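Note that the numbering runs from 1 along the sequence shown for the chain. Because the structure is a prediction, the values reported are computed rather than measured.
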Amino acid sequence: MSAALTNPSSLDSVDYDPIDHLNLLFANPASVSSVNRVSQTLRSHQDDLAAEIGALEAAQAYRPDSSLERMRSAQAELGQLFRKVETVRSRAMETEASITSMTADIKRLDGTKKNLTLSMTALKRLQMLTTAYEQLRGLARARQYRDCAGLLQAVLQLMRHFGSYRSIEQIAALSREVAELQRGLLEQVCEDFEMAFAKGEVAARRGTLAEACLVMDALGDAARARLVTWYVNTELREYRQVFRGNDEAGSLDNIGRRYAWFRRTVKAHEEEHAAIFPPHWRVSEVLATAFCEGTRDDFRGILERSMRRTDGAKIDVNLLLSCLQETLDFEQSLERRFSNEPRASIDTLSSAEEKTYSFNGLISVAFEPYLSLWVDSQDRQLAAMMPKYRNQPSIPPDDEFSPQAVMQSAIELFHFYKLTLSQCAKLSTAERLLDLSKILAKYLDEYAQQVLLHKLQASGQTLPAMQDCILVLNTADFWHANTNQLEENIKKRIDPDLVGRVDLSSQSDAFLGVASASVLALVRIVEQHCEGVWREMKNTNWSTMETAGDQSSYVGELVKHVNDKTQEILAVVGKQQYARAFCDNLVEHLATSYINQIVQCRPISEIGAQQMLVDKYALTKSFGTLILQHNPSPTPQPPPAGFVRRVEQSMGRVDPLLKTLQIRPSPPEGLVQAYLIHIGDKSDTNFRKILELKGVRKQDHAHLMELFGIHREGSGGHDKLVASSPLLTPLMATTTTSGLGGSSSTATAAAGAASVLTGTAARGAFDAGSLGEKLLSAARDIGTASAAGMPGGVGVGADKATINENLRNFGKFFRRDIGGLGARFGKRDGSLGAEGEQR
C-alpha cells in the first residue's frame, strides 16, 4: 500500500484520478484501518515535494544566468540608450542653431526684397490713382460722362487698396478729395437731369443723360436709387396734383382716368425716357410700382372717408365691384407686361440681388376690407330670391313633366351660385370668400326648407301631386350632389389656412332630409290609394269565422292597388337607390298599417287569426316583387334577396301577435303560456290588450290576469322576458277611429316623419293633408332622433335653425341607409336603405 501510495508514476500521471487511487488503496474493508498511515505517508510526501520546490527556486534565483541578473542587465542597457538619445537631441539643436545663424542674412534679404516690392507697387498705384484722379476731375468738368464712368470705377478700385494707409496724411487727404469728387459728380448728374427735364431738353441731351447714368451706376446703389426716385416723383407729380388735390377727379367714379393716365405716362416713358436708363435698372417697373402704391393709398383714404360719412351716402356696391374689377384687370395687365420683359441672367451677381416686382393685389388689397359690402349684397339678393322661388310653380306652364327634370329654381340658383363664387374668387380668396361660403350655406338651408319642403305641403285634406314629389326628390338629389361639389370648389379657391373652416356637409344632409320627405310623400300616396281596401278588411266579421281557407278577398284588391300605384311611381323615379328606398319604406308602412287594421278588427277569433296569418303570407309573397317594377327586365328576374328578407322581416312583425291570437282562452294556462312564448314581455297592460283583441269577457279578465302574474313570476323558463313588448305597447293607446287615412290623434305627424328614418316609430299613419307641416313638426321633435327611432310629442315654436338641423339629422340617416345602390336595409330601426354596395 505504501508503494502504491508514493509511486511517482501514479501521482505524476496526466490522467491521474484520485478516486481510482483511493479505491486502489482501500480495496477492501480491512484496509480502512490503515487510514492514519496513508495520511502520514501523504503528508510526508507533500513535505518532500515542498522542500524540493524551495531548493529549485533558490538555485534559480542565485545562479549567474538567473532572471534577476537579466533584469538588471536590461535596465543598464536602457539607461545607456536614453543617454545616446539625449546626445543626439543636443547635437540636433546645435545644428539647427548653426543653420539659423547661417541663413539669417538670407532671410533679412528676402524681407527687404518683399518690402521693396510692396513699396514699388504702392508707389505705382499711388501714381496711377493721382493721375486718374486728375483726369477724372477734368472729365467731370467737361461732362464727358462715358469716360468718366470707366475712370471713376478705376479710381474707386485703387482707393480700396489704400484703405489700410489712411493714417498717412497724404493718403487721407487724397481719400477726402476722391470722396468730394464723388459727391460733386452725384450732384452734377442730378443737376443735369433736373435742368434737362425742366427745360424740356431731354431729347436733345438723351445721349449725355444716358452716359450720366453710367456714372451713377459706378457711384453705387444709393446714387442710382436717388436718381430713380427723383425721376419717378417727377413723372408722378402731375398725377398726384390732379387726382389727390381734386375730389371729383380722385373719386372712385374716375378710377378709369387714373389707369388711362398711367398708360399714357408709361407710353411716353418708353418712347422718350426708357433709352436713357440702363435696362437692368428696370425703371418702368419701379415707376409702375410707385404708381400702384400711391393709388392704393388714395383708395384706402377714399374708402375710409366714405365709410365714415354720416349723410347716408355710403359706397355703392356696384361701383365698388366695378372699380375692383377694373383694378384687377389693370394689375393683370401690368403683370403680363413686365413678366414678358427680359431679365438679366441669374448667373450674374447683380441679377441675383435684383428685386422682383409682383403687381397682383398691389392696388386691389385696398378693397379687401370693404368686400363685405358685396357679400352683404349677395345676401340681400338671395333673400329676395327665396320668396319668388317659393311661389313659382313646380313645372313652368309651357313645359311638360319629365321624370329626370329638376325644378327651374334649382337651375337658376345653381347658376347664381356658380357666377357668384367665380366672381368672389377673383376678388378675394381670404376671409371674404369664407364669408360668402357661409352666405351660400345659409340659403341652401333656406332653399331646402322654404322652397323644396314647401312644395310638399298641401292644404286641406289633399296630398301633394306625385309629379311635385318627384320634382322635389330630383331637385334635392341634384343639390345634394352639387353641394358637395360646391364645397370642393370653395376649398380649391380659398387660402390654405381657411380650408378647414369650409364645411357644407350639413347642407348636403339637409337635402337628403328633403329627399327622405319626398319618399315619405310618395309612400303616403300609395297608402291613400289603399284606404278603401282597408275598410273592406275592417268590415269583415273576424269573430264568427268557422274555417280558414284561401286568402281573403281584400288581399287581392290590396295587392292590385299597391302594384298599380307602385308601378306608376317607380316609372318616374330615376335612381335605383330612391326606388329601393321607396319600396322598403312602403313595405314597412304597409306592415304597420296591417298591424293597425288588426287592432281595428277586434274581436278576433282563433279562426280569424289563422285567416289573417294566411293573408299575411300572401301579402308577403306579393310585396316581395315590388322592386322589380322599377326598370323591369324583358326576361323574368328574381327579386333581390336582400329586399325579400326585408319584406319578410317587416311583415313578420305581425306573427307573434297572430300566433298568440290563435290560442283559445280555455284552458287559460295555454293562452298565458302562448303569450309568454310569442310576445315575451311582463306587461299586464299588453296582456290585457290581447284579451281585448280576442274578445274575452270582462269577467274572465281577472282570472286570466292572475294566472299571467303567477306564470310570469313563477316560471323559471321566462327569465328573459322584456318589460314591455315594442309590438304591443303602441297599439290601442287611444285608437278610437279608423286607422289609415283617418284623423287618428295618436298617428302623429312626428311618428310619420320619423318612420322615414326609423321604421319603429309609432305605427299609426298620419293625416292625409298638410304633409309638409307635419314633417316640420316632426323635425321640431325628432332633432335628436337616433337609430332607435323614438319620436317625441308634437312641438311648437321651433325656429328655422332647429328645423334645418333636424332636416340634416334626417339626411344623415337617409345617407347612411341609401348610400349606394342596394344599401343595407335589414336593420332593427327600419331605416330607408337597400342591401349591397356602399356609395
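When atom types are taken as modelled, the side chain of Ser552 and the backbone of Tyr554 share no donor-acceptor pair closer than 3.5 angstrom. Arg602 contributes a side-chain N or O that, together with a main-chain N or O of Val599, makes up a donor-acceptor pair within less than 3.5 Å. Remark: side-chain polar atoms of Lys616 are not paired, donor with acceptor, to backbone N or O of Gln611 under 3.5 angstrom. The closest donor-acceptor contact from the side chain of Asn563 to the backbone of Val559 lies under 3.5 Å. At least one donor-acceptor pair under 3.5 Å links the side chain of Asn482 to the backbone N or O of Phe478. Side chain of Ser593 to main chain of His589: a donor-acceptor pair is present (N/O by atom type, distance under 3.5 Å, no hydrogens or angles). The main-chain N or O of Arg688 is never found under 3.5 Å from a side-chain atom of His701 such that the two would form a donor-acceptor pair. A distance-only check finds no donor-acceptor pair linking the side chain of Asn474 to the backbone of Val406 [under 3.5 Å]. Side-chain atoms of Asn484 come within 3.5 Å of backbone N or O of His480 as a donor-acceptor pair. In this structure, the side chain of Ser516 engages the main chain of Gly513 through a donor-acceptor pair within 3.5 Å.
In this structure, the side chains of Tyr389 and Met407 stay at 4.5 Å or more apart for every pair of heavy atoms. A heavy-atom distance below 4.5 Å is not found between the side chains of Ser394 and Gln467. Inter-residue side-chain proximity for Lys455 and Leu471 is flagged as unmet; no heavy-atom pair is nearer than 4.5 Å. Within the 4.5 Å cutoff, side-chain heavy atoms of Thr592 are placed close to those of Arg653. Considering only heavy atoms from C-beta on, Ile470 comes within 4.5 Å of Phe401 through its side chain. Using a 4.5 Å heavy-atom cutoff, the side chains of Met612 and Cys601 are in contact. For the pair Cys469 and Ile525, the minimum side-chain heavy-atom distance is below 4.5 Å. In this structure, the side chains of Asn596 and Leu731 come closer than 4.5 Å at one or more pairs of heavy atoms.
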TODO: Evaluate the criterion side-chain contact (heavy atoms from CB on, under 4.5 Å) for residue pair Leu619 and Val562; output intermediate values, then yes/no.
DONE: CA-CA 10 Å; Leu619 291 173; Val562 170; over 6 Å; no
Task: Worked verdict on Phe708 versus Leu671 for side-chain contact (heavy atoms from CB on, under 4.5 Å) - done: CA-CA 9 Å; Phe708 176 70; Leu671 178 61; over 6 Å; no
Open item on the list: Before you tell me yes or no, could you show the steps for Leu570 and Leu626 under side-chain contact (heavy atoms from CB on, under 4.5 Å), namely the whole-Å CA-CA distance, both residues' side-chain angles and the distance that decides it to 0.1 Å?
Closed with: CA-CA 9 Å; Leu570 291 182; Leu626 287 177; 5.8 Å; no
- [ ] Go through the steps to decide whether Asp655 and Leu613 satisfy the test side-chain contact (heavy atoms from CB on, under 4.5 Å), and finish with yes or no.
- [x] CA-CA 7 Å; Asp655 287 350; Leu613 200 57; 3.6 Å; yes
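In this model, no donor atom of one side chain and acceptor atom of the other lie less than 3.5 Å apart for Ser402 and Glu400. Between the side chains of Glu487 and Ser505, no donor N or O sits under 3.5 Å from an acceptor N or O. With hydrogens and angles left out, the side-chain atoms of Glu669 and His711 include no donor and acceptor closer than 3.5 Å. A donor and an acceptor atom, one from each side chain of Ser409 and Arg390, are nowhere located under 3.5 Å apart.
Residue Thr475 holds its OG1 atom at 11.0 Å from CG of Leu413, rounded to the nearest 0.5 Å. Note that CG of Leu558 and NE2 of His529 are 10.5 Å apart. Values are rounded to the nearest 0.5 Å. To the nearest 0.5 Å, atoms OH (Tyr675) and CG (Leu707) are separated by 14.5 Å. Between Leu590 atom CG and Thr566 atom OG1 the span is 7.5 Å, to the nearest 0.5 Å. Atom SG of Cys530 is separated from atom CE of Met537 by 13.0 Å, given to the nearest 0.5 angstrom. Here Leu657 contributes atom CG and Ile679 contributes atom CD1; the two are 6.0 Å apart, rounded to the nearest 0.5 Å.
The nearest pair of heavy atoms linking Tyr578 to Ala515 is CE2-CB, 4.1 Å. Val472 and Ser518 get closest at one heavy-atom pair: CG1-OG, 3.2 Å. Heavy atoms only, all atoms of each residue included: Arg580 and Gly642 are closest at NH2-C, 3.6 Å. Across all their heavy atoms, Leu727 and Pro730 have their closest contact at O-CD, 3.5 Å. Of all heavy-atom pairs between Ile663 and Lys694, the closest is O-NZ, 2.7 Å. Nearest heavy atom pair, residue Leu504 against residue Leu486, reads CD1-CD2, 3.7 Å.
Between Tyr447 and Phe511, the angle of the ring planes lies from 30° to 60°, which puts this pair in the tilted group.
Ion pairing between a basic and an acidic side chain is recognised when a charged N comes within 4.0 Å of a carboxylate O; Glu692 and Lys689 show no such pairing. Salt bridge status for Lys565 with Glu527: absent, with no side-chain N to carboxylate O gap under 4.0 Å. Classification of Asp564 and Lys560 as a salt-bridged pair holds, one side-chain N sitting under 4.0 Å from a carboxylate O. Taking the charged nitrogens against the carboxylate oxygens, Glu531 and Arg524 do have a contact shorter than 4.0 Å, which makes a salt bridge.
Within 6.0 Å of CG in Asn539 there are more than 12 heavy atoms belonging to other residues, nucleotides or ligands.
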